[in-house]
Amino acid sequence: MNSTFSAKNGLGGELVPPPDKSLTHRALLLSSIAEGRTLIHNPLDTGDCRSTRRCLEELGVVLKESRKSGERLMEVSGAGLMGYREPAGVLDAENSGTTIRLLAGLLAGLPIYTVISGDRSLVARPMGRIIEPLRQMGACIAGRSNGRFAPLTFLPGEGLLTARSFNLEIPSAQVKSALLLAALKCSGTTVISGRIESRDHTERLFQYLELPLVREKEYLKLEPCSEIPPFEITIPGDISSAAFFITGALISGKDLLIRHCGINPTRLGFLKVIRKMGAEAHILEVDVNCGEPVGTIQIRPGELKGVVIRESEIPDLIDEIPLIAVIALFARGSTTVQGAGELRYKESDRLEAIARLVRAVGAELTLDQDGFTIEGGQALASGIIDAGHDHRIAMAGAILSSGVRDKIVVRGIEAAEVSFPDFISSFRALGGEVE
Ligand code: S3P
């Protein structure tokens with residue numbers, strides 16, 4: 001679907017972002033193995049989270065959805081740690097990397113036979129990073145190219161998995177979480193060290209549920225666990241979704257107030273960078289729910305200047321890098337992103353997609369294997385941006401229209417449905433037009 005976006009008067013005002021995708025996945029998955037009934041208030045209802053829900057239903061978990069005074073509520077009757085039922089068909093994670101990787105941790109070692117796969121993008125994404133360590137724990141898993149790609153097949157396990165020590169080389173929350181979930185079913189103590197600095201929603205939920213997790217700066221240590229208690233959680237807004245309209249406000253010189261947003265410190269890298277670029281971002285914590293801080297973010301635009309973003313800063317803003325590219329086009333001087341090679345393994349090769357997005361509006365960039373440099377202040381024109389089935393590229397393209405002050409056509413805007421179902425209505429509500 002082609003849609004034309006324009007925002008001649010900029011994008012600003014007030015936004016309540018859609019519920020957090022990472023946290024919704026984790027709430028669904030953990031509640032599915034809990035003993036009893038969990039209540040999830042305000043879960044995200046989009047393509048990716050529906051994939052998790054459908055897989056769990058295939059595994060025999062009962063999920064009931066209702067609406068109470070306009071708010072969605074999901075009631076999950078957990079199957080227990082070892083209680084999934086063998087599904088008759090292939091589980092379909094569709095476009096969702098979080099579904100397939102985190103669920104792999106839960107399926108490893110169970111006494112059932114399961115096959116999980118996904119769409120064209122997902123079967124091309126690397127799975128060896130989870131399959132290798134899960135095999136080391138004793139899980140019997142097959143997959144294309146010796147387990148490097150989905151479809152993945154989990155053969156029935158006998159007894160508990162074996163605890164191991166892992167040293168993560170990639171700062172991936174999906175890998176870390178898959179290992180933590182598998183470690184619940186181990187016979188001994190699992191230790192995870194190395195690049196563990198990625199988003200920590202799984203660790204926070206484990207701690208909130210008083211699971212036997214020790215968290216130190218250098219390592220995570222998890223003792224075996226026989227029972228997960230049910231819980232009640234309210235999912236806050238997704239700061240990665242809010243980041244699109246923060247970008248729109250900054251490049252069009254508008255103020256933006258964001259309410260009921262998750263402000264987990266491992267997700268605040270984008271706000272830190274835009275402050276360095278010259279914007280104001282005030283955060284006010286108003287609540288903590290299940291260990292997750294929730295608050296209000298006040299954005300005020302400023303004169304933007306280029307920055308260098310180094311590898312150590314990437315994990316905290318991994319999903320926001322396409323937006324850094326957009327902001328860089330409107331900053332004084334050059335912006336360089338380094339050490340972001342992981343972007344090549346997202347829903348698309350996001351570094352190539354960023355290059356296409358920048359070029360679509362008549363600008364240039366220097367692209368290398370793990371980053372890019374963009375000179376601000378180049379002449380920009382209206383253009384056609386192909387989302388390439390990547391939700392974050394689709395929305396970054398639409399937002400660019402508020403800075404270009406001209407029409408931008410996005411081919412495939414429906415990809416936004418993966419994480420931000422009301423993107424078009426929010427775009428209109430904040431002052432833009434969509435045809
Ligand atoms: C996610 C982790 C990140 C992120 C993705 C969601 C998660 O992926 O890009 O959108 O919920 O754990 P990696 O862990 O592969 O970096």
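Start at 1 and go down the list; that is how both ligands and their atoms are numbered. Keep in mind that this is a model prediction, so the values were computed, not measured.
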Provide, to 0.1 Å, the distance between atom 11 (O) of ligand 1 and the closest protein heavy atom, together with that atom's residue and name.
-> Ser22 OG, 2.7 Å

What protein heavy atom sits nearest atom 16 (O) of ligand 1, and how far away is it?
-> Lys346 NZ, 3.1 Å

Partners passing side-chain hydrogen bond (donor to acceptor under 3.5 Å, both in side chains) against Arg428 (at least two apart in sequence or in another chain) | none

Which residue holds the protein heavy atom closest to atom 10 (O) of ligand 1, what is that atom called, and what is the gap in Å?
-> Asp319 OD2, 2.8 Å

Can the ring centroids of Phe154 and Tyr113 be said to lie less than 6.0 angstrom from one another?
-> no

Qualifying side-chain hydrogen bond (donor to acceptor under 3.5 Å, both in side chains) pairs, either residue in residues 229-240, two or more places apart = His41-Glu232, Asp238-Arg267, Ser240-Arg267, Ser240-Glu320

Quick check, are the ring centers of Phe245 and Phe423 under 6.0 angstrom apart?
-> yes

More than 12 heavy atoms of other groups within 6.0 Å of Phe149 CZ | yes

At a 4.0 Å threshold, what atoms of ligand 1 neighbour a non-hydrogen atom of Ala173?
-> 12 (O), 14 (O)

Does Arg215 make a cation-pi contact with Phe206, if we ask for NZ or CZ under 6.0 Å from the ring centre and within 45° of the axis?
-> no

Can you tell me the protein heavy atom closest to atom 12 (O) of ligand 1 and the distance?
-> Arg26 NH2, 2.6 Å

So which bit of Arg199 gets within less than 4.0 Å of ligand 1, heavy atoms only: side chain, backbone, both or neither?
-> side chain

Do me a favour and list the nearest non-hydrogen protein atom to atom 1 (C) of ligand 1 with residue, atom name and distance?
-> Gln174 NE2, 3.6 Å

